[in-house]
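Accompanying notes for the structure given below.
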Amino acid sequence: QVQLVESGGGLVQPGGSLTLSCTASGRIFSRGDLHWYRQVPGTERELVAQITSTGRTIDYADSVKGRFVITRDDAGDTVFLHMNNLEPEDSAMYYCNQEIWKTELSPRQQYWGQGTQVTISS
């Protein structure tokens, strides 16, 4: 069974930093691009950052450019979202999302993590 597990959320003061991680585990043949989303209750899920499977292309939402950095480990098992100079408006549940192929012949499937809460407050 394939799982995406996020961690690293918490409560920090404005101006602080947090690093979220997203680890894929289970039977995985190949991984696609990975996306970080966030969602505030009552609003639509917002794409925050994404990194291609090769790591060569990275994009950020305008609201986080210059403050957030997405990276991944060499094996590609874990993707990190380094969040700096956090603002109260960054408070949300953060989710990672990735397309994964379980075998060479299986179709790609979308997987979501369970989410990790980020709260920015003094």
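No donor-acceptor pair closer than 3.5 Å links the side chain of Q50 to the backbone N or O of D33. Judged purely by atom type and a 3.5 angstrom limit, E6 uses its side chain to pair as donor or acceptor with the backbone of G115. N85 places no side-chain N or O within 3.5 Å of a backbone atom of R67 that could act as its donor or acceptor partner.
Residues Y94 and R38 form a side-chain contact, since some pair of their non-hydrogen atoms from C-beta on lies under 4.5 Å apart. In this structure, M83 and V118 have side chains that are in contact, with non-hydrogen atoms separated by less than 4.5 Å. In this structure, the side chains of C22 and Q98 stay at 4.5 Å or more apart for every pair of heavy atoms. Using a 4.5 Å heavy-atom cutoff, the side chains of R27 and T103 are in contact.
Atom OG1 of residue T52 and atom CZ of residue R72 lie 7.0 Å apart, to the nearest 0.5 angstrom. Rounding to the nearest 0.5 Å gives a distance of 12.0 Å between CG of L47 and OH of Y60. Note that the NE2 atom of H35 and the SG atom of C96 stand 11.5 Å from one another [nearest 0.5 Å]. A distance of 8.0 Å separates CG of L81 from OG1 of T19, quoted to the nearest 0.5 Å. Taking OG from S17 and CZ from F68, the interatomic distance works out to 9.5 Å, rounded to the nearest 0.5 Å. The line from CD of Q3 to CD1 of I28 is 10.0 Å long, rounded to the nearest 0.5 Å.
Counting all heavy atoms, side chain and backbone alike, W101 lies closest to G32 at CZ3-N, 3.7 Å. Heavy atoms only, all atoms of each residue included: Y95 and G113 are closest at CD2-O, 3.6 Å. Residues H82 and T71 share a closest heavy-atom pair of NE2-OG1, 2.9 Å. Contact between S63 and E46 at its shortest, heavy atoms only, is OG-OE2, 3.4 Å. Taking all atoms of both residues into account, the shortest heavy-atom contact from G8 to L18 is O-CD2, 3.7 Å. Heavy-atom minimum distance, R31 versus D77: NH2-OD1, 2.9 Å.
By the rule that hydrophobic residues join a cluster once side-chain heavy atoms approach within less than 4.5 Å of another member, V69 and Y37 end up as members of separate clusters. I100 and V79 end up in different hydrophobic clusters when Ile, Leu, Val, Met, Phe, Trp and Tyr side chains are linked at under 4.5 Å. Under a hydrophobic clustering in which Ile, Leu, Val, Met, Phe, Trp and Tyr are joined whenever their side-chain heavy atoms come within less than 4.5 Å, directly or via other members, L34 and W112 fall into different clusters. Linking ILVMFWY residues whenever their side-chain heavy atoms come closer than 4.5 Å, directly or via other members, places I58 and V48 in the same cluster. The hydrophobic cluster containing W36 also contains V12, counting ILVMFWY residues as joined when their side-chain heavy atoms lie under 4.5 angstrom apart, directly or transitively.
For the 3.5 Å distance criterion, the side chains of S91 and T119 fail to qualify, holding no donor opposite an acceptor.
Partners of R108 under the salt bridge (charged side-chain N to carboxylate O under 4.0 Å, His left out) rule, at least two apart in sequence or in another chain, are E99.
The number of heavy-atom neighbours closer than 6.0 Å to CZ of R45, taken from other residues, nucleotides and ligands shown, is above 12. With a 6.0 Å radius and a threshold of 12 heavy atoms from other residues, nucleotides or ligands, Q110 has its CD atom above the threshold.
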